[in-house]
Participant: 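Shown below is the structure under consideration.
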Protein chains: 2
Amino acid sequence: MKENTQKKMYTEMECAKNLAAVEDALYVLGGKWKLRIIIALVSGYTRFNEIQRTVKGISARVLSNELKSLEMNELVKRVVHADCVPVIVEYVPTDYTETLKELVSILGKWGINHKKRITSTN
Amino acid sequence: MKENTQKKMYTEMECAKNLAAVEDALYVLGGKWKLRIIIALVSGYTRFNEIQRTVKGISARVLSNELKSLEMNELVKRVVHADCVPVIVEYVPTDYTETLKELVSILGKWGINHKKRITSTN
DNA sequence: ATTACTACTAACCTTTTATATACTACTAAC
DNA sequence: GTTAGTAGTATATAAAAGGTTAGTAGTAAT
């Protein structure tokens, strides 16, 4: 016996759509490192070792993989300056990366606020 | 020889602050399931099996753990209706959960847009 | 009596994610 | 010539996350 008498705040379809949309986003941005790397990139840290130093705790292997994944999603562009010796490689954010600024900003603000909330004695 | 001539878009301190703030947020909201569960909750799915059916793919074990974690962070309240038989347990979003609506909305919008972008032939 | 639903938990196992160490090959400083 | 930096890759291992199965203890329908 199913009770359909409950008032849902959203219809099933709306819920499913939100779920699917957030899943799509998390597929690209989820995980421990991706957003952190993006922050480093837009902060102007564009070279491999520089990014590794900025994003504390990440290993070269993981950074390498994550950069490839971000590149596939057009959130970073790998630029090789072949004229220099030794060759310089830069990972530069794209115009599309800009579309994440609002998201990162809101996430950061929420994080600051949440830390305050949880830290403060109740 | 260190080249400090590069123009950084943000100072080191700003970058570190953003990084720390986003880390704090991801500690609470990161992972495969937490945001999805929150969407189910605010959509009106409040009972254990109901949430499990809505958040496709999650196991009871993981759902149970995630709900505990969300409860600790005041994003859900466990309400037991002891008067009913069998006992009914509800997981209800709190007022604080409202502070995530903007974030979830932006993330969802980004996800929809990104899917379009990647799916479309270039 | 058997099946199914409720709200979980425990034990165990697999998959995913991440780390550590070493290594390439070249440059440049001390 | 020794150390350090550049941009990574290879291999192996460890840790974290998640899944599977089974089980509790009760109700309620077939």
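Note: hydrogens, waters and symmetry copies are ignored here, and every other heavy atom, side chains too, is used. Here is how names work: the chains are called A, B, and so on, in the same order as the sequence lines, proteins then strands, and each is numbered from 1. None of the values given here were measured: they were computed from a predicted structure.
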Participant: Has A:K68 got a side-chain N or O lying under 4.0 Å from the OP1 or OP2 atom of D:dT9?
Facilitator: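 For A:K68, the contact criterion (side-chain N or O under 4.0 Å from OP1 or OP2 of D:dT9) is met.
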Participant: Quick one: which of C:dA7, C:dT19, D:dG18 gets closest to the side chain of B:K32?
Facilitator: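 So the side chain of B:K32 is nearest to D:dG18.
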Participant: Checking contacts here: which listed nucleotide (C:dC8, D:dG19, D:dG8) is nearest the side-chain heavy atoms of B:W33?
Facilitator: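 Nearest nucleotide to the side chain: D:dG19.
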Participant: Within the 4.0 Å heavy-atom criterion, would you say A:V89 contacts the bases, only the backbone, or no part of the nucleic acid?
Facilitator: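 Since only primed, P, OP1 and OP2 atoms lie under 4.0 Å of A:V89, the category is sugar-phosphate.
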Participant: Answer yes or no for B:R117 and A:Y96: cation-pi contact, defined as NZ/CZ to six-membered ring centre under 6.0 Å and angle to ring axis within 45°.
Facilitator: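 Yes, B:R117 sits over the ring of A:Y96.
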Participant: Is there a donor N/O on one and an acceptor N/O on the other, under 3.5 Å, for the side chain of A:R61 and the base of D:dT9?
Facilitator: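 No.
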Participant: Rounded to the nearest Å, what distance is computed from the CD1 atom of residue B:I58 to the C1' atom of nucleotide D:dG18?
Facilitator: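 That distance rounds to 10 Å.
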Participant: Report the distance from atom CZ of A:R53 to atom C1' of D:dA7, rounded to the nearest whole Å.
Facilitator: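 That distance rounds to 12 Å.
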Participant: If the test is side chain to side chain contact (heavy atoms under 4.5 Å, CB included), which one of B:L75, B:I38, B:V42 qualifies with B:P93?
Facilitator: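 Only one of B:L75, B:I38, B:V42 forms a side chain to side chain contact (heavy atoms under 4.5 Å, CB included) with B:P93, namely B:V42.
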Participant: Looking at the side chain of B:S59, which of D:dT6, C:dT9, D:dT20 is the nearest nucleotide?
Facilitator: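 Side chain of B:S59 sits closest to D:dT20.
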Participant: So, is A:R47 near the phosphate of D:dA7, with a side-chain N or O under 4.0 Å from OP1 or OP2?
Facilitator: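 Indeed, a polar side-chain atom of A:R47 lies that close.
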Participant: With sequence neighbours left out, what residues match B:W33 under ring pair (Phe, Tyr, Trp, His ring centres under 6.0 Å)?
Facilitator: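 Listed in chain order: nothing, the list is empty.
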Participant: Which of these nucleotides, C:dT6, D:dT9, C:dA18, is closest to any side-chain atom of B:N49?
Facilitator: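 The answer is C:dT6.
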Participant: Write down the distance between CD (B:E90) and C1' (C:dC8), rounded to a whole number of angstrom.
Facilitator: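 Checked: the CD to C1' distance equals 16 Å.
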Participant: Just by distance, with hydrogens left out, do B:D24 and A:H114 show a side-chain donor and acceptor under 3.5 Å apart?
Facilitator: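 B:D24 vs A:H114: no donor-acceptor pair found between side chains.
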Participant: Under 4.0 Å between a side-chain N/O of B:S64 and OP1 or OP2 of C:dT9, yes or no?
Facilitator: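 True: B:S64 side-chain N/O within range (under 4.0 Å) of C:dT9 OP1/OP2.
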Participant: Determine the contact category for A:G57: base if any of its heavy atoms lies under 4.0 Å from a base atom, sugar-phosphate if only primed atoms, P, OP1 or OP2 are that close, otherwise nothing.
Facilitator: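 Sugar-phosphate only.
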Participant: For A:E66 and B:P86, find the nucleotide of DNA chain C closest to each by heavy atoms; which residue's nucleotide sits nearer the 5' end?
Facilitator: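 With A:E66 and B:P86 compared, the 5'-side residue is B:P86.
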Participant: Roughly, in whole Å, what's the span from CG in B:N65 to P in C:dC8?
Facilitator: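 Rounded to the whole Å, the gap is 12 Å.
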Participant: Starting from C1' on D:dT9, measure out to CG on A:L67 and report it in whole angstrom.
Facilitator: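 From A:L67 CG to D:dT9 C1': 14 Å.
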